[in-house]
Visitor: 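Before we start, here is the structure in question, set down as C-alpha cells.
Values reported hereafter were calculated over all heavy atoms of this structure, with side chains retained and with hydrogens, waters and symmetry mates removed.
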Amino acid sequence: MTEEERRVKLNQLSQEVWKLTRDQIIVKHRFLDVAVHTLRLLPSYEIRTLATDGIYIFYHPEYILKSYKEENNSLVRYYLHILMHCIFRHFFVDTHVPHEYWNLACDIA
C-alpha cells in the first residue's frame, strides 16, 4: 500500500468516525444540530490533534482513529468542547493577550 493509498483509507475511516460522533451528539443534544453541522471537517497532517478557526475543524486522521479506539466517547467530548469554544466565540482574542492563558481561561469558564 502506497502512502497516498494509506492516507485515503485513513481519511475515509476518520470521516466515518466523525459521522458516528456527530450522530451521537445529535441524538443526545438535538438543540445542537445546527451547530454540529455548521463546522466543516478538514483533515490535516500538519497538526497533531484537533483545532478550529470557527469555520473548520482541522484534525489529524490518525489521531481521530487512535482516540476512538482508546475510548469512543472521547471524540464526543472533544467535539462538544470545540462547539462550546465556537458558540462562546472563545477563538477571538486580542493579540496582546497570551494565547495559552486565554485558552486555559476559556476552558475553565
Side-chain angles (χ1 to χ4, degrees):
M1 179 180 283
T2 68
E3 183 62 27
E4 183 62 30
E5 291 172 335
R6 182 178 175 275
R7 282 191 176 195
V8 168
K9 185 67 173 172
L10 285 173
N11 287 340
Q12 289 173 342
L13 289 172
S14 64
Q15 287 175 4
E16 288 180 35
V17 168
W18 274 123
K19 184 178 180 337
L20 290 171
T21 300
R22 284 178 157 179
D23 290 348
Q24 284 180 331
I25 292 171
I26 292 168
V27 165
K28 292 182 181 178
H29 309 285
R30 239 182 218 297
F31 59 94
L32 290 174
D33 182 35
V34 174
V36 166
H37 286 98
T38 299
L39 291 172
R40 297 181 210 140
L41 300 169
L42 190 63
S44 173
Y45 287 89
E46 280 124 38
I47 62 166
R48 298 170 102 185
T49 58
L50 300 167
T52 187
D53 63 357
I55 298 171
Y56 295 98
I57 294 178
F58 304 99
Y59 65 92
H60 195 291
E62 288 181 45
Y63 176 78
I64 298 304
L65 297 174
K66 181 181 172 194
S67 296
Y68 187 77
K69 182 180 177 184
E70 289 175 3
E71 183 193 354
N72 60 359
N73 284 328
S74 65
L75 288 176
V76 172
R77 288 192 302 275
Y78 293 151
Y79 204 110
L80 288 171
H81 181 96
I82 288 171
L83 279 177
M84 293 302 117
H85 272 282
C86 294
I87 289 170
F88 294 118
R89 299 181 164 263
H90 288 168
F91 50 86
F92 292 116
V93 62
D94 192 283
T95 57
H96 300 307
V97 176
H99 287 277
E100 62 276 358
Y101 294 139
W102 174 257
N103 288 336
L104 178 61
C106 290
D107 288 345
I108 291 170

Visitor: Please check if L65 and Y45 belong to a single hydrophobic cluster, counting links between Ile, Leu, Val, Met, Phe, Trp and Tyr side chain heavy atoms closer than 4.5 Å.
Guide: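 Yes: a chain of side-chain contacts under 4.5 Å links L65 to Y45.
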
Visitor: What about V8 and L13, same hydrophobic cluster or not, with Ile/Leu/Val/Met/Phe/Trp/Tyr joined at side-chain heavy-atom distances under 4.5 Å?
Guide: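 The answer is no; the residues belong to distinct hydrophobic clusters.
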
Visitor: Does L50 reach the side chain of I64, with side-chain heavy atoms less than 4.5 Å apart?
Guide: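 Side-chain contact under 4.5 Å: yes.
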
Visitor: Hey, are the side chains of E62 and R6 touching, using non-hydrogen atoms and a 4.5 Å cut-off?
Guide: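 Yes; the side chains approach each other to less than 4.5 Å.
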
Visitor: Show me the side-chain donor-acceptor pairs of residues 28-37 shorter than 3.5 Å, one per line, residues at least two apart or across chains.
Guide:
| from | atom 1 | to | atom 2 | distance (Å) |
| --- | --- | --- | --- | --- |
| D33 | OD1 | H37 | ND1 | 3.1 |
| H37 | ND1 | D33 | O | 3.1 |

Visitor: Keeping D53 on the side-chain end and Y56 on the backbone end, is there a donor-acceptor pair under 3.5 Å?
Guide: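 Yes.
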
Visitor: If you look only at pairs with a residue in residues 68-83, which of them pass as a salt bridge (charged side-chain N to carboxylate O under 4.0 Å, His left out), with sequence neighbours excluded?
Guide: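 Applying salt bridge (charged side-chain N to carboxylate O under 4.0 Å, His left out) to every pair that reaches into residues 68-83, excluding sequence neighbours, yields E71-R77.
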
Visitor: Using a 4.5 Å cut-off on heavy atoms from C-beta on, say whether the side chain of Y59 contacts that of L75.
Guide: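 They are not in contact (no side-chain heavy atoms under 4.5 Å apart), so the answer is no.
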
Visitor: So L20 and Y68, do their side chains get closer than 4.5 Å, heavy atoms only?
Guide: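 Result yes, sub-4.5 Å side-chain heavy-atom pair found.
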
Visitor: If you measure from CG on L80 to CD1 on I25, what distance do you get to the nearest 0.5 Å?
Guide: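 Those atoms lie 4.0 Å apart.
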
Visitor: Which heavy atom in F58 sits nearest to a heavy atom in I47, and how many Å separate them?
Guide: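 Taking F58 first and I47 second, the nearest heavy atoms are O-CD1, 3.2 Å.
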
Visitor: Do Q24 and Y79 have side chains that get closer than 4.5 Å, going by heavy atoms?
Guide: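 Not in contact.
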
Visitor: Which of these, L42, L83, L41, sits in a side chain to side chain contact (heavy atoms under 4.5 Å, CB included) with I57?
Guide: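 Considering L42, L83, L41, a side chain to side chain contact (heavy atoms under 4.5 Å, CB included) with I57 is found only for L41.
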
Visitor: Provide the closest heavy-atom pair for P61 versus S44 in the form atom of the first, atom of the second, distance.
Guide: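 The pair with the smallest heavy-atom distance is CD-O, 4.2 Å.
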
Visitor: Salt-bridged, E3 to R7, with N to O below 4.0 Å?
Guide: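 R7 and E3: salt-bridged.
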
Visitor: Work out which heavy atom in Y63 is nearest to a heavy atom in R48; give both atom names and the distance.
Guide: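 Heavy atoms of Y63 and R48 come nearest at CB-O, 3.4 Å.
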
